[in-house]
Amino acid sequence: MARVRTALLPPVLAILFAAGLCAVALVISGASPLTALGAMVGQVGQGTTAVDIVNSAAVYYIVALAAAIGFQMKLFNIGIEGQYRLAACVAAIVGGALVLPPVVHTLVIILTGVLVGAVWAGIPALLKAYRGVSEVISTIMLNAVSLGLIAFLIRPDSFGVLQGNNISTAPIEPSGQFPGIPTGAGTIFGMVFVAAALGLGYWFLLNRTRFGFELRASGESPTAATAGGVNAKRMVIIALVLSGAVAGLAGLPEVLGRDFAYTLTSPQGYGFTGLAVALLGRNNPAGIAFGALLWAFLDKSALALDNVGVPRDIVLIMQGSVVLSVVVAYEIVRRYELAAEQRRVASQLRGPAIPQKEPVA
Amino acid sequence: MTEYAVELAGITKRFPGVVANSDIHLAVRRGEVHALCGENGAGKSTLMKILYGIQQPDEGTITVDGEQVRFRSPADAIRAGIGMVHQHFMLADNLTVAENILLGAEAQLGIGAKARTRITELARTVGLDVRPDLLVERLGVADRQRVEIVKVLYRGARTIILDEPTAVLVPQEVDDLFVTLRGMRAEGFTFLFISHKLDEVRAIADAITVIRRGTSVGTADPRTVTSRKLAEMMVGSELPSPQTGESTVTDREVLRVSGLALDSDDGGRPLLSDVDLVVRAGEVLGIAGVEGNGQTELVETIMGMRRAAGGTITLSGADITRAGTLARREAGVGYVPEDRTRHGLLASQPLWANRILGHQSRPPVSRGGLIDREAARRDTQRIIEEFDVRTPGVDVAAAALSGGNQQKLVVGRELSGEPVLLIASHPTRGVDVGAQAGIWDVLRRARADGLAVLLISADLDELIGLSDTIKVMLRGRLVADADPATVTPEELGAAMTGADGAAA
Amino acid sequence: MSTATQTTAKSASTVRGRFSALPGWARSAIVVAIGVGLLSVTATLTGQIQLTSSGTTQAAVRLLLPILFAALGGLWAERAGVINIGLEGMMILGTWGAAWAGYQWGPYAAVVGGLVFGALGGLLHAVATVSFGVNHIVSGVAITLLGMGVTKYLSTLLFFPVSQNPRQSPRVEGFETFSVQPVADGLLALEREQRVVLSDVSGLLGGLLSGLTPLVVLGFVLVPASYLLLWRTSFGLRLRSCGENPVAAESLGVQVYTYKYVALVVSGALAGIGGAALTLNPGQLGYLEGQTGGRGYIGLAAMIFGNWRPGGLLAGSALFGYVDGVQLRAGGEAVHALLYGASILAVGLAVLWAVRRRWQTALTALLAGAAVYAVYFSTETVPREFASYAPQIVTLLVLAAASQRLRPPAAIGLEYRRGEGD
Amino acid sequence: ARDTGSAPAAGGGEEETCARNAAPAAAGGAAPSAAPLAPNADASALRVALAYDVGGRGDQSFNDSAAAGLEQAISEIGVVRENTRELAAANGESEDARATRLRQLATDGFSPVIAVGFAYSEALTTIAAEFPDTQFAIIDSVVDLPNVTSLTFAAEQGSFLVGAAAALRTTSCQIGFVGGVEVPLIQAFEAGYVAGAKAVAPDVEVDVDYISPAGDFSGFNDPARGTEVARGQLDGGADVVYHAAGGSGQGVFEAVAAATTPDAPKFAIGVDSDQYNTVAAPVNEVIMTSMLKRVDVAVFNYVNAVAAGDLAVIPPAFDLSVDGVGYSTTGGGVDDLVTDLDAYKAAIVNGDITVPSTP
Ligand SMILES: Nc1ncnc2c1ncn2[C@@H]1O[C@H](COP(=O)(O)OP(=O)(O)OP(=O)(O)O)[C@@H](O)[C@H]1O
Ligand SMILES: Nc1ncnc2c1ncn2[C@@H]1O[C@H](COP(=O)(O)OP(=O)(O)OP(=O)(O)O)[C@@H](O)[C@H]1O
Ligand SMILES: [Mg+2]
Ligand SMILES: [Mg+2]
């Protein structure tokens, strides 16, 4: 019970705080926060917005899981952006070039994405493990390089196809597409379920397997993990590569469920969203799911703000302040809990002052 | 002028769950060395931190030179002429000696040539002989200690707190330090001196205050009091001592290290060279050495945390030189690291998760790559009962346990899974007397059951008391053997510094 | 428990000898001289005159300026022990503040405006990381998000009525440029004479001495100034001690929180000036949404590249700005010529290491040089897609080759709380 | 001391004269002036919506041009301002956001809905099928559905004319082209420009540079880098620079303005709208002309055609013949070239010259 409270209280407080902040900003700019809120909530019922939220949340969920795998080891995979885009591009090229029986075709495309993401993340992984290059820098640089690589691959004289004024990869035949679930208002990507399964897999991996234990141990204390027989270099490489592999999936829901090709106008910026959502969800699969939905809701229903004349940018402020206030709230609660735990331990062992050599950091 | 340099009256300090100091009284005369004795966690350091302004007392008063003061920060204490050499060095490795000394005291002489001259002067009085622009990371322990003292002197402190300054020093270095202290006492400096080594206390102190469980229980006269009497005042009961009893050494070799060498990271002097040793079942092999002479590296190389540059390590006949740490653990090596918070525990994880660390590939806590949480919980419960770990349960975070209980948990874990070899590095460091006795007891029992133990300890009494054989380590080599039945701590100390000519 | 001292650094520099016995400025001078020589030779042999033209130098200066300010901002924060990945956000705030102040009161006000807005971002980072112990990266990411949101919001609110464009400010007035005369003209005249090597050297140097603005001067002055302030004053000593061992610093009466706050506010202010540098860029002269384009991150990278030192981060930003300038001005062919220069450099390093009897390293360098030369020889140009990202690729390669000698402040990124040391 | 001017052209040698072809002898001497596509209708009943691309109204580029078309419809054919709505895209947004935007407009009863920019083509294909009774239009792309009108432009033709103007104006026989992002849309500008320049002066050297490669849209939004590209071309000897770089174009103008001196003037060519009018003085003095892509003409005519109920008047591409593209004369920068340019225009219109749309 207390655990649920400490898990839920901070995000609720933080969202309220962030919403309050935005309300103030809105009032200053002369708009009514209530109108804005009403428009955003009302938007969910409009057209395919509800389905879009679910679909986008699935994408955000995947990128955030990728980020969270890194975070478990205190690795900051800023390169998710480049990894998912390159992976989606190459997977689309492979998918468009191949003719295979239905399920196999889809699987090959997905595996290609996973592989490309993993390989692209392997570069910073190796640089970190063997050359000590901070993954923050190398992934920032590689994000740029991946743009160039994509541009090169998608050139009409490489693998690109001119589509009017757009360039895209060759379209993927229906055999390679991932069937979705049509609803009255839009089609839910089939890969939404892949994302959910990934979440379960992530949870299982982290909490139930030896690998997950080693990953968390390395993140918590690299020195203790090493003494406990965890190979630090190997963990760095595996964690980053795994993160890249998951990131490699992030572009595919849209490629396999809607666009059936990778184009110049394929979306960008999920990498940064992934970091933010993972932070919001505190690397916990359920928390990330919640964060992804919140983020997707804010993104998608922001479209309604234009209709009521409220600056859409208020949503960015909301997102930024939510991330910050969530962690501050958790920090405050954590400090409180730690002190409470110390008190509890001490009072259960009543008697003389408990010798406690190490002050608890 | 009053007779007391410092008077603490009725000091009380509470931490969450702990009353570290309660109604402590302490009066220090000017120009004396005043020793503070008490077991681990008695509250000595806390009291000193209060005097130095790092922490604020909940109750009580501080009087310096007859004037009541309130220290809000160390800066206030420094201004009142109080300096402190901390139990753990407070040095920034990546700053130079001069920078470390000048930090916070730049206002006095600036940070230029004048300041340097003054540093060199002070360095001479404490026997520090290094260039002021050398990085501190290049200094040995004794020199670091001297830098700490110069730091205090530079600030013009007249009352100097020395919190366990001798813990990391060998007897010869302790003697050097005492020479310096006596000289300074003659010049009118006042010292507050903390040590667990009661002989030292009796040798240097003019007065002793004993603290037990957070309160001052009385004072003693070092000229008349015996170590045993002091210990009894501290503990409130009789002092246990490390004794092995009859030999259980067998002739079955468990660990053999031959020709082991380890290069340093920066291409300097090798960290280990030509190390040969054998540990047999039922034997405790003690390694003596001044900190920084390669014991840590030796242990970490045997554990596979560092890669040997040469030589072989065999465990029960199998060559494990190339094996990883986990493989070595699986082959039956237990490891009690010297720094449990850094190498032994996952502070924010529950106890049962800590039980898994190092055993993540073995039953009962793990099967086929999967973690068995229930089994881990059960086995943690077993350790708690068997090793008397005082905790409300297996689900609390490791950080919530006291140091001694943390250490017992680590020892219990490392003795799980039927190890054949236990590497114990300073197993009782920072552990209070009661827990200390418990750990000694555990080691003795395991040895009787045929466990081979490689013991590293800075506590020479512990080393002599527990070991069947002692080897002395100096500059990365094993330079001498000693028989624990006959050797004295002084002789051992001499060998450890190379003063006996062993390190030719 | 002092977590700070536990991070022992192992990467003490191994390359010693006469070179490292020289004072710092002399070493930098030698490195710069080698670089200039190398480029001059490359330009002469490949005929790519843009590699050493004064125009390229000036482009490099303009391109490196925002990065340099951001990197200096990173230096201040990280020397005080706080990772600052929020530089990008602070820079964004700076661009907006500079434009807002600039279009009302001119370029000097723009600098101040950028400074103030950036500093606000730094202050927020300080509140989050120092007072609330929030993970430094989390706070940085959040500040970047906030920076984007707040500037967009404010632009809609304040710029739109004037510029009719919610994404852009009205044009602001830039600084006049000036040159160091008569040296600059002399060098430029020499450059025009097209003499082998000589003209190249004078082109590179002449470019540095002309087309200056107060902001360029400020940037270059802040490098030695930061060095003097951080390494030669007691203030700097205290600030750095917070990044090396805050517990020790506190025990000596250093107000660690205060210093971290100061460092972060300065850090934000510098990043904000970096934003102002973009706003006042001669090609821009105003705020444009998204104009930072990740330069804050590049600045952070340049700072790490430069081993958390002012001279080093200048070198990192200069490398980035120079390669960017070259590729923007002269495209793939010039980048291709740089490959030639790289192979000469590799061979030179191989010889150097061979002299020092570091055979393995020498061989690696030689092989790398041969590989690069093979690529140079077998291709005509670098495709535009890759030439565009040459700065990033070069930075990555240099880091991969040299990063093991980097030495971050020991207590960086660690949470520190007052009175909890031991 | 102040800089006296720009760095000297590293190209060196004094102006070699550029051999120039004579302008084609046009049939009527002057270009046919396009008549309005259709007489003004009454559009007061229409609810018109515009879905802009990234940047939206105020981008001083083609979004603004589209807005101008709407303004014209409001003032000339009675569209009621309250019955219009304008929405803009965000950077890097996903397909579904674009679809939602269009759906919103269609659901709220707007018809026609005009999608500004090729990025909308996929989304529009979906939405137009969902709302068969709504009229849609898309700019810069072709969507083959009965209720969608494709408004495309022969940007290469307009670019041909400004290329010719550049070749006529240059004294160094070297001109430049700065593209924002190397996408097909912009490559058409390049192709026309180069062809126009070569038609005038076969020996003219054209520097072609792009700020960023395809997929990295930062090239449209980075004046700081745009200015360096232009400076590189100017320092290399070019004296006329044409940009098709969106927001980065500002950097090109600034570079040209900084390089120009009374005795060695340099010129810039704007794009999409008449940038002499939109760029702040004094920088706009260097803009000799702008290639006009009359999105406003297309939008206005389209709205007018919808009001009249006759979409057949909309040409397959807005080209020179309907004044859908062209060049501007504001500022008088090409007054002396108008005759020649009009001759080329006539030759293109009557098919004597075909302009390539890919480089
Ligand atoms: N795939 C998933 N999607 C959503 N929620 C999940 C998923 N897997 C697990 N969860 C939920 O996540 C939460 C965390 O699981 P659990 O309580 O086992 O974690 P734990 O081992 O205590 O680890 P931690 O301390 O990190 O929370 C639970 O509420 C669980 O129901
Ligand atoms: N910052 C703190 N927060 C919580 N508890 C603390 C803190 N500092 C000290 N304590 C607790 O106060 C008690 C006294 O600690 P102190 O460090 O003063 O002991 P000590 O006598 O110096 O022991 P040792 O001989 O091991 O150095 C211990 O139980 C310790 O755990
Ligand atoms: Mg103590
Ligand atoms: Mg060029």
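Order of the sequence lines fixes the chain letters, A, B, ..., with proteins taken first and strands second; residue numbering starts at 1 for each chain.
Annotation: side chain of E385(C) is not in contact with side chain of L149(A) (no heavy-atom distance under 4.5 Å). Annotation: side chain of I314(A) is in contact with side chain of Y153(C) (closest heavy-atom distance under 4.5 Å). In this structure, L124(C) and L324(A) have side chains that are in contact, with non-hydrogen atoms separated by less than 4.5 Å. Within the 4.5 Å cutoff, the side chain of F272(A) has heavy atoms near those of the L145(C) side chain. For the pair S321(A)/L146(C), a side-chain contact is recorded, criterion being any heavy-atom separation below 4.5 Å from C-beta on.
Of the two parts of A25(A), the backbone and the side chain both hold a non-hydrogen atom closer than 4.5 Å to a non-hydrogen atom of chain C. If you measure heavy-atom distances from V322(A) to chain C, you find no contacts under 4.5 Å at all. In this structure, chain C has no heavy atom under 4.5 Å from any part of L153(A). Proximity to chain A is absent for every atom of S155(C), based on heavy atoms less than 4.5 angstrom apart. Only the side chain of F386(C) comes within less than 4.5 Å of a heavy atom in chain A; its backbone stays farther off. Only the side chain of F76(A) comes within contact range of chain C, with at least one heavy atom under 4.5 Å from a heavy atom of that chain. With a 4.5 angstrom heavy-atom cutoff, I150(A) does not touch chain C via any of its atoms. S388(C) does not touch chain A: none of its heavy atoms, backbone or side chain, sits under 4.5 Å away.
Within 6.0 Å of atom CZ in F159(A), 12 or fewer heavy atoms from other residues, nucleotides or ligands are found, so the atom counts as exposed in its surroundings. Counting non-hydrogen atoms of neighbouring residues, nucleotides and ligands closer than 6.0 angstrom, the CH2 atom of W100(C) reaches no more than 12 such neighbours.
Closest of all the heavy-atom pairs between A142(C) and G320(A) is CB-O, 3.7 Å. Of all heavy-atom pairs spanning M141(A) and L396(C), the tightest one is CB-CD1, 4.1 Å. When all heavy atoms are compared, the tightest approach of V150(C) to I317(A) is N-CG1, 3.7 Å. Across all their heavy atoms, A400(C) and V133(A) have their closest contact at CA-CG2, 3.9 Å. For A401(C) against R131(A), the heavy-atom pair with the smallest separation is O-NH2, 3.1 Å.
Here F305(C) contributes atom CZ and S134(A) contributes atom OG; the two are 13.5 Å apart, rounded to the nearest 0.5 Å. Remark: L399(C) CG to L127(A) CG distance equals 8.5 Å, nearest 0.5 Å.
Considering I304(C), I298(C), L300(C) in turn, I304(C) is the only one that fulfils the side-chain contact (heavy atoms from CB on, under 4.5 Å) rule with I137(A).
When each of V326(A), I140(A), I28(A), V136(A) is scored by its heavy-atom pairs under 4.5 Å with chain C, the top score falls to I140(A).
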I78(A) vs I85(C), side-chain contact (heavy atoms from CB on, under 4.5 Å): CA-CA, chis, key distance, verdict: CA-CA 11 Å; I78(A) 315 273; I85(C) 204 164; 3.8 Å; yes

